[in-house]
Amino acid sequence: MRLRAFIKLTLKSLLKELPIMIFTFAVFPIVLSSLYGYFQKDMFNPKNEIEKISIYVEDHDNSKLSKGFTHFLESNQLKEFIDIKKYREKAGQELIIPKGYEKAIMEDKLAVVKINEREKDREISSKILKDLTDNYMKEVKNNFIIENNINKMDISKDKKDLLIKETSNEITNIYIKDSIKNSIVKDTRNLTSYEYYSVSILSFMFIVTIMSLCNGYYDEKKKGIFQRMLSTTISKVEYFNYSLVSWYIFAILFNLIYVLAYRLLGLSFSGNFGLLILIILSKSLLEVAVSSLVIAFFKNKKMAMIFLNTIIIVSVSLGGVFFPLDKVINNFNKIFKILSDFSPNVLIIKTYKSFFIYNSFESIKYFLMTFVSISIVLYCISLIKINVKWGE
């Protein structure tokens, strides 16, 4: 009953503040990102030529087909485009062949070859590798069909073997030429300037959302609402948990307004809507968890805002919120890349980037699990602090 009352108050507050929320979380950031996207769109145009893709192959299957795929990547036809590295540290991309790869192909099931970006902003080469692996598996399956048909022919075994070999080589050569050229020339998927800034500013709004949620708590505390609530039969833990549920509703709505506004305008977030909702739910959970940590450990608003403003400064300077680091900084690029990996907003940017490029659950599964795992840990820490001492 108490939780229902909290939710009712939340919904009433949402309706009351909806115009302000639409401006803050839709109109203002869209105008801002559109301006950045327009004036920097030339920076995001893919080059006509692409440098060699350096990859490290990790084969967990060690089967005939997985080794065949590795040999295919090392073939002379692909040397112009792909550079196989013996050591993971020297590669820009990591290609992982899963256990059961051969069995999945033989049984005509999905065999997902995972591609990890070891260097930031490699969406062009990631897309090419994805197209390459997907189409290769299709050709392997087609070869099985052709091989079965040849085996049914009434000819000698030597002729069958020769015909299978010639057909397989011919298909592979045609495939290599067509698939690679299509990937580089016209099938390459790169983030547009509008997509990049829609995500980078959303990662900035992550902190803004947390600040909004925390401000609500500190305002209630200042007005005496916090103390009045605790003077009733409600416990600190109940009040804390009910507040988090209410905040979760707020956070989901904030993110929905932002994402749907872009989607309806056709500027960004045009992928699978179900996957988009999963990201929003997970990201909102993390926002609430971080907010819970802030109000649990910072007694007054001033110290909490200093902490959150510090995070904003780090995100803006190292997280590439208002400029893509790899396209702007040249001299100390490697140093900034290392430092930017520790920026609080990087996880959000990587999640949406994978969503844009691959538009599949497999590509964002790791990030969703990370969101949820971090949220659980932060909530547990906050809950322990609440039970020890809070709000006094």
Asks: For residues 280-287, dump all side-chain donor-acceptor pairs below 3.5 Å to protein atoms at least two apart in sequence or in another chain.
Replies:
| residue | atom | partner | partner atom | Å |
| --- | --- | --- | --- | --- |
| Ser282 | OG | Leu278 | O | 2.9 |
| Lys283 | NZ | Asn255 | OD1 | 2.5 |
| Lys283 | NZ | Glu287 | OE2 | 2.6 |
| Ser284 | OG | Asn255 | ND2 | 3.1 |
| Ser284 | OG | Ile280 | O | 2.7 |
| Glu287 | OE1 | Asn255 | ND2 | 3.1 |

Asks: Any side-chain heavy-atom pair from Ile348 and Phe367 closer than 4.5 angstrom?
Replies: no
Asks: Taking all non-hydrogen atoms of both residues into account, name the closest pair between Lys85 and Ser54 and its distance.
Replies: CE-CB, 3.9 Å
Asks: With side chains defined as the heavy atoms from C-beta onward, is the minimum distance between Tyr194 and Ser268 less than 4.5 Å?
Replies: no
Asks: Please determine, by modelled atom types, if Asn241 and Tyr379 share a side-chain donor-acceptor pair under 3.5 angstrom.
Replies: yes
Asks: May I ask you to decide if the ring planes of Phe355 and Tyr352 are parallel, tilted or perpendicular, using 30° and 60° as cut-offs?
Replies: perpendicular
Asks: Taking the side chain as C-beta and beyond, is there a heavy-atom pair between Tyr258 and Leu253 under 4.5 Å?
Replies: no
Asks: Write down the atom of Thr351, the atom of Leu347, and the distance for their closest heavy-atom approach.
Replies: OG1-O, 2.7 Å
Asks: Which pair of heavy atoms, one from Ser292 and one from Trp247, lies closest together, and at what distance?
Replies: N-CZ3, 4.3 Å
Asks: Taking atom types as modelled, find out whether Ser363 and Ser354 have a side-chain donor-acceptor pair closer than 3.5 angstrom.
Replies: no
Asks: Do Phe240 and Ile295 come close enough that some side-chain heavy atom pair is under 4.5 Å?
Replies: yes
Asks: Work out which heavy atom in Tyr56 is nearest to a heavy atom in Tyr87; give both atom names and the distance.
Replies: CD1-C, 3.7 Å
Asks: Hey, are Ser63 and Ser66 close enough side-chain-wise for a donor-acceptor pair under 3.5 Å?
Replies: yes
Asks: Validate the cation-pi geometry between Lys385 and Phe297: distance from NZ or CZ to the six-membered ring centre under 6.0 Å, angle to the ring axis within 45°.
Replies: yes
